[in-house]
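In listed order, ligands and their atoms are each counted from 1. The analysis underlying the following values was restricted to heavy atoms, covering all of them including side chains, and did not include hydrogens, waters or symmetry mates.
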Amino acid sequence: MQVQFTVNGKPASIDVAPNTLLVQAIREQLRLTGTHVGCDTAQCGACTVLVDGRAIKSCNTLAVQHQGAAITTIEGLAAADGAMHPMQAAFKECHGLQCGFCTPGMVLSAIDLCRDHPQADDAKIRELLEGNICRCTGYQNIVKAVQQGRQAMAAA
Ligand code: FES
Ligand code: FES
C-alpha cells in the first residue's frame with residue numbers, strides 16, 4: 001500500500017505492507033534511525049515520535065493508519081541552521097542523558113507534555129513521563145532538563 005506522510009517537514013511517499021509498523025517505516029524505509037526500538041511492546045517509549053504534534057509510540061501503530069499525517073522524529077527538531085530545539089539543548093545542558101538510547105523519545109515526549117502541562121512540577125513531570133523508560137536511571141537530570149526546556153520553549 002502507498003502511504004504518504006509529511007516527515008520532518010518534507011513529503012514522503014512509501015510502499016508498505018498493511019502490517020508494517022510505523023517505527024519500521026520510519027527506521028527501515030525512511031532511514032531515520034534516531035527513532036529507537038527498545039521493547040517493541042509499547043512500554044519503553046524509545047520509539048516515540050510526534051504525529052500531528054502529539055507524542056505516540058510508533059511501535060504500537062501501523063504505518064497505514066497515519067496516511068497524510070505530519071510526523072516529526074528527533075532528526076526533524078533542529079532548526080534549518082542546525083541550532084538545537086530548546087528541549088534538545090536543555091537535555092544537553094542538564095546532562096539529561098547517559099547512553100542516549102531513550103533520549104529521542106524522552107525529548108519528543110517532553111515537548112508534547114510541556115504543551116499540555118505548562119505548570120507541571122517535578123512530580124507531575126515524572127508521572128507524565130512514566131511511558132518513557134531510561135535504563136540508565138537518569139531521571140533526576142531528565143526532569144531538570146524538561147523544566148529548563150519548557151522555560152526555553154515558552155520564551156522562544
Ligand atoms: Fe516502542 Fe518500546 S519500542 S515503546
Ligand atoms: Fe541510557 Fe536513558 S540515557 S537509557
Quick check: does Cys59 put an N/O/S atom under 2.8 Å from atom 2 (Fe) of ligand 1?
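Not a single backbone or side-chain N, O or S atom of Cys59 is under 2.8 Å from atom 2 (Fe) of ligand 1.
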Decide, counting backbone as well as side-chain atoms, whether Cys39 has an N, O or S atom less than 2.8 Å from atom 2 (Fe) of ligand 1.
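Of the N, O and S atoms in Cys39, at least one lies under 2.8 Å from atom 2 (Fe) of ligand 1, which means yes.
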Check each atom of ligand 1 against the heavy atoms of [X] and keep those under 4.0 Å away; list them by number with element.
X     : result
Ala42 : 4 (S)
Asp40 : 2 (Fe), 3 (S)
Cys47 : 1 (Fe), 3 (S), 4 (S)
Gly38 : 3 (S)

Neighbour count above 12 (heavy atom, 6.0 Å) for Gln65 CD
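Atom CD in Gln65 is crowded, with more than 12 foreign heavy atoms closer than 6.0 Å.
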Kindly check if the number of other-residue, nucleotide or ligand heavy atoms within 6.0 Å of CD (Glu130) is above 12?
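Incorrect, the count does not exceed 12.
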Atom 1 (Fe) of ligand 2 to nearest N/O/S of Cys102 less than 2.8 Å:
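It does not: Cys102 brings no N, O or S atom closer than 2.8 Å to atom 1 (Fe) of ligand 2.
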N/O/S from Cys134 sitting under 2.8 Å away from atom 1 (Fe) of ligand 2
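No, outside the cut-off.
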No-hydrogen, no-angle side-chain donor-acceptor test under 3.5 Å, Gln24 and Gln29
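No, no side-chain donor-acceptor pair sits under 3.5 Å.
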Any donor-acceptor N/O pair, Arg27 side chain to Leu32 backbone, under 3.5 Å:
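No, the answer is negative, given that no donor and acceptor are paired below the 3.5 Å cut-off.
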Main-chain N/O of Gly53 paired to Arg115 side chain as donor or acceptor, under 3.5 Å:
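Indeed, once roles are kept as given, a pair shorter than 3.5 Å links the two residues.
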For the student: nearest non-hydrogen atoms of Asp112 and Arg54, plus distance
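Asp112 and Arg54 have their closest heavy atoms at OD1-NH2, 2.9 Å.
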Which of these, Leu50, Ile71, Leu22, sits in a side chain to side chain contact (heavy atoms under 4.5 Å, CB included) with Ser58?
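The passing option is Leu22.
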From CA spacing to verdict: side-chain hydrogen bond (donor to acceptor under 3.5 Å, both in side chains), Asn8, Thr72
CA-CA 5 Å; Asn8 298 334; Thr72 304; 4.6 Å; no
Apex atom 1 (Fe) of ligand 2 - arms SG from Cys99 and SG from Cys136 - angle rounded to 10°:
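Taking atom 1 (Fe) of ligand 2 as the apex, I get 100° for this pair.
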Suppose I only count heavy atoms of Gly100 and a 4.0 Å limit; which atoms of ligand 2 are within that range?
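Going through ligand 2 atom by atom, the ones under 4.0 Å from Gly100 are 1 (Fe), 3 (S).
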Considering the heavy atoms of Arg135, write down every atom of ligand 2 situated less than 4.0 Å from one of them.
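This gives 4 (S) as the contact atoms.
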Please state which protein non-hydrogen atom is closest to atom 3 (S) of ligand 2 and give its distance, to 0.1 Å?
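For atom 3 (S) of ligand 2, the nearest protein heavy atom is Gln98 N, 3.1 Å.
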Could you check atom 4 (S) of ligand 1 against the protein and tell me its nearest heavy-atom contact, residue, atom and distance included?
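Here the closest protein heavy atom is Gly45 N, 3.1 Å.
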Between the side chains of Asp40 and Lys57, is the shortest nitrogen-to-carboxylate-oxygen separation below 4.0 Å, so that they form an ion pair?
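Salt bridge flag = no for Asp40 with Lys57.
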